[in-house]
Amino acid sequence: MVNLALLGCGGGMPIPERYLSSILISYKGRKILLDCGEGTQVSMKILGWGLKSIDIICITHGHADHIVGLPGILATIGNSGRTDPITIIGPIGIIDIVKGLRVAAPYLPYELNILENPQEPVKIQAP
């Protein structure tokens with residue numbers, strides 16, 4: 001069964017009980033995060049599905065309300081003991097965006113695979 005959780009749908013600025021854009025998809029114990037706005041870690045903690053099993057993070061576009069939560073999520077996943085790679089898929093410019101945001105999370109115990117504007121279907125092997 002596929003489970004979906006709307007983690008945030010606010011625009012521009014998080015407010016109590018309404019975080020910025022993010023959706024979590026859970027399937028067979030693995031997870032895909034769609035967008036990662038500020039406050040995503042908080043909503044994920046409230047949800048209780050865990051962070052460590054996120055294999056893919058898809059970013060729809062580079063606006064701050066969809067990406068500013070990335071450094072915190074990546075660092076928290078690293079602190080959870082994860083060592084398996086994570087794939088980030090996004091539009092043109094996502095490599096530069098992630099590089100810039102990594103200033104706040106420079107040391108990760110896992111590899112990031114960044115796919116910018118893939119033109120073919122992406123197949124990811126879950127750990």
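Contacts of H63 classified as ring-ring contact (aromatic ring centres under 6.0 Å, His included), with partners at least two apart in sequence or in another chain: H61.
For the residue pair I67 and L101, the shortest heavy atom distance occurs at O-CD1, 3.5 Å. In terms of heavy atoms, T40 sits closest to C36 at OG1-C, 3.5 Å. Residue I59 comes nearest to P91 through the heavy atom pair O-CD, 3.2 Å, listed as atom of the first residue, atom of the second, then distance. Here the closest heavy-atom approach between residue A104 and residue P71 is recorded as CB-CB, 3.9 Å.
Here the side chain of R82 pairs no donor or acceptor atom with the backbone of Y110 at under 3.5 angstrom. Between the side chain of Q119 and the backbone N or O of N117 there is at least one donor-acceptor pair closer than 3.5 Å. Side-chain atoms of S22 come within 3.5 Å of backbone N or O of D35 as a donor-acceptor pair. Counting only distance, with no hydrogens or angles, the side chain of E116 and the backbone of I95 share a donor-acceptor pair below 3.5 Å.
L7 has its side chain within reach of L33: a pair of non-hydrogen atoms, C-beta onward, lies under 4.5 Å apart. By the 4.5 Å heavy-atom criterion applied to side chains, L112 and R102 are counted as neighbours. Side-chain contact check for N113 versus I88: every heavy-atom pair is 4.5 Å or farther apart.
From I56, atom CD1 reaches atom CD1 of I86 across 10.5 Å, with rounding to the nearest 0.5 Å. Here the CG-CG distance, from L4 to L24, works out to 8.5 Å after rounding to the nearest 0.5 Å. Interatomic distance, S80 OG to L51 CG, rounded to the nearest 0.5 Å: 7.0 Å. Between the OG atom of S43 and the CD atom of E38 there is a distance of 10.5 Å, given to the nearest 0.5 Å. Rounding to the nearest 0.5 angstrom, the gap separating the OG1 atom in T76 from the NZ atom in K52 is 13.5 Å.
Tested against I57, the residues V98, L74, I32, T87 include a single side chain to side chain contact (heavy atoms under 4.5 Å, CB included) partner, L74. Partner I89 forms a side chain to side chain contact (heavy atoms under 4.5 Å, CB included) with one of I114, I94, V122 and no other, that one being V122.
Between the side chains of S53 and K31, at least one donor-acceptor pair of N or O atoms lies under 3.5 Å.
L70 is connected to L108 through a chain of hydrophobic side-chain contacts under 4.5 Å among Ile, Leu, Val, Met, Phe, Trp and Tyr, so both are in one cluster. No chain of hydrophobic side-chain contacts below 4.5 Å, direct or via other Ile, Leu, Val, Met, Phe, Trp or Tyr residues, connects L34 to I97.
For residues 3-56, the set of pairs meeting the ring-ring contact (aromatic ring centres under 6.0 Å, His included) definition, not counting sequence neighbours, is empty.
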- Task: Go through the steps to decide whether M44 and I73 satisfy the test side-chain contact (heavy atoms from CB on, under 4.5 Å), and finish with yes or no.
- Result: CA-CA 10 Å; M44 288 186 72; I73 285 285; 3.8 Å; yes
